[in-house]
Protein chains: 2
Amino acid sequence: MLTKLDPALIRDLPPFSGMTLDQMTTLLAKATPLRADKGSHIFDMGAEARSFFLLLDGYIRVVRTTPNGEQVIARYIASGELFGIAEALGMKQYPASAVAAVDCVALSWPSDIWHATAAAYPAFATNTYKTIGGRLQDAQDRLVEMATERVEQRVASAILNLVERSGRQTDDGILIDFPISRQDISEMTGTTLHTVSRLMSGWENDGLVKSGRQKITVIGSEALSLIANKEGSSQ
Amino acid sequence: MLTKLDPALIRDLPPFSGMTLDQMTTLLAKATPLRADKGSHIFDMGAEARSFFLLLDGYIRVVRTTPNGEQVIARYIASGELFGIAEALGMKQYPASAVAAVDCVALSWPSDIWHATAAAYPAFATNTYKTIGGRLQDAQDRLVEMATERVEQRVASAILNLVERSGRQTDDGILIDFPISRQDISEMTGTTLHTVSRLMSGWENDGLVKSGRQKITVIGSEALSLIANKEGSSQ
DNA sequence: CGAAGCCTTGATGCGCCTCAACGTACGTGG
DNA sequence: CCACGTACGTTGAGGCGCATCAAGGCTTCG
C-alpha cells in the first residue's frame with residue numbers, strides 16, 4: 001500500500017509517458033492523495049466536476065443510473081488510469097458515478113488546472129486524449145455489440161475483456177482480479193443476473209470457467225472466444 | 001449551394017466560436033473543399049485517417065459495419081459539424097464510415113495539421129473537444145438505452161432525437177430533413193425494419209406521425225415523448 | 001415498362017425476461 | 001465463536017417481446 005508519492009514510480013504510468021521527471025514532480029506537487037474504501041463513491045453522476053483523478057491502486061466501477069433506478073456499468077478503471085476527466089471535454093458535471101470496487105488509492109487534481117496543465121505538458125494532453133479516444137471507441141464497440149449480438153455472446157465478450165484487462169494467472173486459470181458478481185456482469189451486458197448465472201453454470205459444466213461468490217476464473221479463453229464470435233443457429 | 005469560401009459566413013459556426021476573422025482566414029486557406037454525392041463514401045471504417053472534415057451542407061451518416069455485414073448507425077452529422085476527427089484522439093484509422101445521406105459539401109484538412117492547429121487556436125481545440133465530449137456522452141446514453149429500454153421506447157427516442165437535431169417545420173408537422181428509411185431507424189436502434197414499420201404504422205393510426213417513403217413527419221412529439229419514457233406494463 | 005428498392009402485414013417460434021423459491025457463503029454483533 | 005441476517009447464487013416454470021420467415025403492394029428510376 002502506498003503512503004508517499006514517488007515521482008520515479010508514477011512517471012512510468014502511461015498517462016505520463018513523454019514527460020520529464022521534473023515536469024512530473026511539478027505536476028505531482030499539485031495532487032492530493034485520496035483513499036476510497038470498497039463500495040464508497042468517489043464522485044456521483046451529475047455532481048459538479050471539481051476534480052480529475054489518477055487511480056494508483058485498486059479498481060473502480062463507472063456506473064450510470066437510470067431514472068428508474070436501473071444501473072449500467074460503463075467500464076472498470078484499473079490502476080494507472082485517469083478517470084473523472086470531464087473537464088478535458090468541457091463538461092461541467094460528471095456523466096457517471098465512480099464507485100470503488102475494492103479499497104482504492106488515487107490522486108486528484110482540481111479541474112481548474114486542466115487547461116493550463118494540458119498547455120504546459122502537451123505529452124500529457126495527448127496521452128489523455130488518446131485515452132478518451134479509446135473509451136469513445138470502446139463505447140461504440142459495445143453499442144454495436146448490443147445492437148447485433150445475443151446475450152450469450154455479449155457475456156462471453158465482457159468476461160474476456162475483463163480477463164484481458166485485469167486477469168491474474170493462478171493455478172486454476174486466469175482470475176479476474178476484483179470481486180465481481182453475476183449482477184455486475186448483467187449490468188455490463190444489458191441482461192439479468194439470472195441469465196448470467198445460467199450461462200456461467202453451463203460454462204462451468206463445460207470446463208470453460210470456474211467461478212464462485214464474486215469470483216470468476218477463466219480456463220478456456222479460446223473456447224469462450226469462439227462463443228463470443230459464433231453466429232446464431234440461422235444464417 | 002456554396003461555391004466559394006466566405007470566412008465571414010463560416011466563422012459563425014460553433015466549431016470556430018472564439019476565433020478571430022484573421023485566424024479563420026488562415027485556417028480556411030488550408031482547407032480543401034469537397035463535394036460528395038448522395039450515397040457516396042467520404043471515408044471508410046478502418047482506412048487511414050488522412051483528413052478531418054467540416055460539413056458545410058447536407059447530412060452524413062456515420063456507420064459501423066460488423067464482420068457479419070450488419071450495419072449500425074452511430075450518428076448523423078448535420079451541417080456545421082466536424083467529423084472524421086480521429087487525429088484529435090490519437091487514432092490512426094477512422095473508426096467508422098462516413099456516407100453522404102444527401103448531396104453534401106464539406107471542407108477537409110490534412111490530419112497532420114491538427115496538433116499545430118489546436119496549439120495555435122486554443123478556442124478551436126476546446127470547441128472540438130467539447131464536441132467529442134458530447135459524442136462520448138451520447139454514445140453512453142445510447143448504451144444505457146439499449147441496455148434498459150424496450151424497442152418501442154428506443155425507436156420513439158431515436159425519432160425525437162432526429163427531429164430535435166434536424167427537424168424542419170412544415171404544414172403537417174415537423175419533418176426530418178433528410179431521406180431516412182425504416183431500415184435506417186432500425187440500424188440506429190438495434191432492431192429490424194419490420195418492427196420499426198409496425199411501430200410507425202401504429203403511430204400513424206394514432207395520429208402521432210405521418211410518414212412515407214424515406215420520409216417521417218412528427219405531429220405529436222409530446223405523445224411520442226411519453227412513449228419514449230413509459231415503463232413496461234410491469235413495475 | 002421492367003426492375004429494384006422501400007414499405008406493410010401476417011404467422012410462427014424462440015430467446016430471454018419475469019416470477020418464484022430455495023440453497024449457500026459471508027460478516028457482524030451478541 | 002456461534003447465530004442470525006443479508007447478500008449472492010442457482011434453478012425451474014411460464015410467458016411475452018420481438019426476430020424470423022413469408023408474401024405481396026407500391027413507388028421510383030433507368
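Below, chains carry the letters A, B, ... as their sequence lines are ordered, and counting in each starts from 1. Please read all numbers here as calculations on a predicted model, not as lab measurements. Below, all heavy atoms of this structure are taken into account, side chains as well, without hydrogens, waters or symmetry copies.
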Only one of A:Phe52, A:Trp109, A:Phe53 clears ring pair (Phe, Tyr, Trp, His ring centres under 6.0 Å) with A:Phe83; which? A:Phe53
Check: A:His194 side chain, D:dT11 base, donor-acceptor under 3.5 Å: yes
With no hydrogens and no angle check, just 3.5 Å: does a side-chain donor-acceptor pair link [X] and [Y]?
X        : Y        : answer
B:Ser40  : B:Asp37  : no
B:Thr189 : B:Arg142 : no
B:Thr192 : B:Thr195 : yes
A:Ser108 : A:Arg50  : no

Given [options], the nucleotide with the shortest approach to the side chain of [X]:
X        : options               : result
B:Val151 : D:dG9, C:dC16, D:dA19 : D:dA19
B:Arg198 : C:dT9, D:dG12, D:dT10 : C:dT9
A:Leu193 : C:dC16, C:dT8, D:dT10 : D:dT10
A:Ser181 : C:dT18, D:dT28, D:dC8 : D:dC8
B:Arg182 : D:dT10, D:dG9, C:dC7  : C:dC7
B:Arg213 : D:dC8, C:dC6, D:dA19  : C:dC6

Can you check the [X] [atom1] to [N] [atom2] distance for me, whole Å?
X        : N      : atom1 : atom2 : answer
A:Leu199 : D:dT11 : CG    : P     : 12 Å
B:Lys215 : C:dT8  : NZ    : P     : 12 Å
B:Met200 : C:dT9  : CE    : P     : 12 Å
A:Glu204 : D:dG9  : CD    : P     : 12 Å
B:Gln183 : C:dC7  : CD    : P     : 9 Å
B:Arg150 : C:dC17 : CZ    : C1'   : 12 Å
B:Ile185 : C:dC7  : CD1   : C1'   : 13 Å
A:Trp203 : D:dT11 : CH2   : P     : 15 Å

Are A:Tyr59 and A:Tyr76 close enough that their ring centers fall under 6.0 Å? no
Counting only side-chain nitrogens and oxygens, does [X] get under 4.0 Å of the OP1 or OP2 atom of [N]?
X        : N      : result
B:Thr195 : D:dA19 : yes
B:Ser197 : C:dC7  : no
B:Ser201 : C:dT9  : yes

Using a cut-off of 4.0 Å on non-hydrogen atoms, how would the nucleic acid contact of [X] be classed: base, sugar-phosphate, or nothing?
X        : value
A:Glu152 : nothing
A:Gly190 : sugar-phosphate
A:Ser211 : nothing

Want to settle it: does A:Ile180 or B:Thr191 sit nearer the 5' end of DNA chain D, counting the closest nucleotide to each? A:Ile180
